[in-house]
2 protein chains.
Amino acid sequence: MELGKAEEIAQTLRARIMQGILPEGTKTASERDLSEEFGASRMTVRRAIDIIEGEGLVVRLPGRGTFVARLRDRVVVDRGREVREAVEGYPMPSREQRMSDSFLKDIECLGPNSRVQFLEQPSLVAADKETAQHLQIPIGTLVLKRYQLHLVDGLPHCLIESYYPSDLFGELLTTDIGDEPLFVWLHERHHLSVAHTQEVLIARLATQSERRLLRISSKAPVVVLNRKVWTEEKRPVEWAHIIAVAALYTFTYEYDIAKRHRPTP
Amino acid sequence: MELGKAEEIAQTLRARIMQGILPEGTKTASERDLSEEFGASRMTVRRAIDIIEGEGLVVRLPGRGTFVARLRDRVVVDRGREVREAVEGYPMPSREQRMSDSFLKDIECLGPNSRVQFLEQPSLVAADKETAQHLQIPIGTLVLKRYQLHLVDGLPHCLIESYYPSDLFGELLTTDIGDEPLFVWLHERHHLSVAHTQEVLIARLATQSERRLLRISSKAPVVVLNRKVWTEEKRPVEWAHIIAVAALYTFTYEYDIAKRHRPTP
DNA sequence: GAGTGGTCTAGACCACTAT
DNA sequence: TAGTGGTCTAGACCACTCC
């Protein structure tokens, strides 16, 4: 098969990383050096690195260099385990690399070496049309807004913009719950249990502002995950917009299939 | 905020599409014309189009031109509806744009104007290590392999490479079940019901071969969905590797949260 | 044959990081 | 100050589609 020059270079670099010639965390040769080595222009080398960056093999840090990604850092978001646990006999997916293994710890959990940076101070804002609709409240109602950047080992992993009904969560403006998961706090404080969630996933290229915050290049894809959480009483208590660096995440969904064996006519 | 020139051009094009100045299906100005209009080099215009292509706003057809994507063509893969149906009172996600609304119709279903192209004739192949592990059979066991390209309105949407135990599905080598869903056939023929599934999603840039088959550019992301399906008897009956053009898909997952309100210590 | 997107070149300047 | 990645330029040739 005919390969472009950039694709050829990408394959060579890929092989070097896979074979351990370039170990995890290593700084690769600079783009200028690589263009000399491969007899290609720098733009072509950049396209090659774009490709393997999109695959999550390397991370680019402006001003510093390009580094081989630590594969173990890919976060496994594991959903529907409750279902699996209820149905014995199905093999469990590999546990290594797992950062979160319960909904409550979740994508928002703090793993080792990870931390959360608030991009804005949590505040009360008027719900726009979309937020109001999802939280089932009138437009303009005050809601608690949080805007966070999650980092692992200092590397940005995801952006979370989330909205909560202020009557339940408003006191978080003045109260610090530390590392306690939000929904654990909700149960202890208001005796409300989260019971149901809907997640809508889309993958696309990052926008300029997302790229700046997540420190990724212009060709790196992100996964946009819009999450809605309801309590047992069917009250929406969270509407979150999560932007995750695609190369750093794996999403696992596991669920039972309805006993309905024919498509509806 | 400081925007690059490419990002600026992307925003302008985005606005033209959103405001209907460039309606769905319209052919946009050529890259050369746009570079003249914006006073930018063609490479910069290409990067701008890369961006909005990654967002799914336009589709590039080599030799023909760049066309405004028909947004309604984004396929909504809707999972976990069984759960929602069992829990009354939760609002249903919007139905418009929905192509598949049941697992059995699923990502493999044929919507209007869609068709499946077999890239290889279905055949019996020896299971490699990965396939054998997932189907819980010895390495080298013969399995039925299917390799398909799914198109909607002539536009490639996804690639599906799937493996099935040959004792159950082997006769499909010589039997054509037409449009009947595979698992409906399985139930009618062998009285086996699919009961459980696991899906692992990753988003990344497409490889060269994927790009060729799916006719997308080198910066367009894809969603890789590895799916495993079990019967009620906990027997794996499918191991599938699905490559979907990210810009053409939305994945919706909806499920109940276990009644466990504390993270494990 | 004219027009299109796909790829590549050989430079250039910038902002940032490290020393 | 030297090195890095980020961006941009003004060309070039190719394969493909359409007329």
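Lettering of chains follows the sequences in order, A, B, ..., and the numbering in each one begins at 1.
- When heavy atoms are screened at a 4.0 angstrom cut-off, B:R47 is found touching the sugar-phosphate backbone but no base atom.
- Among the atoms of the strands shown, none is found under 4.0 Å from any heavy atom of A:R215.
- Checking A:E161 against A:Y147 by side-chain atom types alone, no donor-acceptor pair falls below 3.5 Å.
- With hydrogens and angles ignored, the 3.5 Å screen pairs a side-chain donor or acceptor of A:K27 with a backbone N or O of A:R64.
- Side-chain contact between B:R146 and B:E238 is absent, with no heavy atoms from C-beta onward closer than 4.5 Å.
- A residue-by-residue look at A:D50 and A:G63 shows that A:G63 has its nearest nucleotide of DNA chain D further toward the 5' end.
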Trace of the salt bridge (Lys or Arg N to Asp or Glu O under 4.0 Å) decision for A:R212 with B:E7 | CA-CA 13 Å; A:R212 209 187 55 243; B:E7 197 77 33; over 6 Å; no

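- Using a 4.5 Å heavy-atom cutoff, the side chains of A:F251 and A:L201 are in contact.
- Rounded to whole Å, atom P of D:dT4 lies 7 Å from atom CZ of A:R32.
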Go through the steps for B:R42 and B:E31 under the test salt bridge (Lys or Arg N to Asp or Glu O under 4.0 Å), then give the verdict.
-> CA-CA 6 Å; B:R42 192 176 151 218; B:E31 297 174 352; 3.0 Å; yes

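- For A:S41 and A:P62, each mapped to the nucleotide of DNA chain C holding its nearest heavy atom, the one lying further toward the 5' end belongs to A:S41.
- First and last contacting nucleotides of DNA chain C toward chain B (any atom under 4.0 angstrom from a heavy atom, 5' to 3' order): C:dG3 to C:dC8.
- Nucleotide D:dT4 holds its P atom 13 Å from the CZ atom of A:R64, rounded to whole Å.
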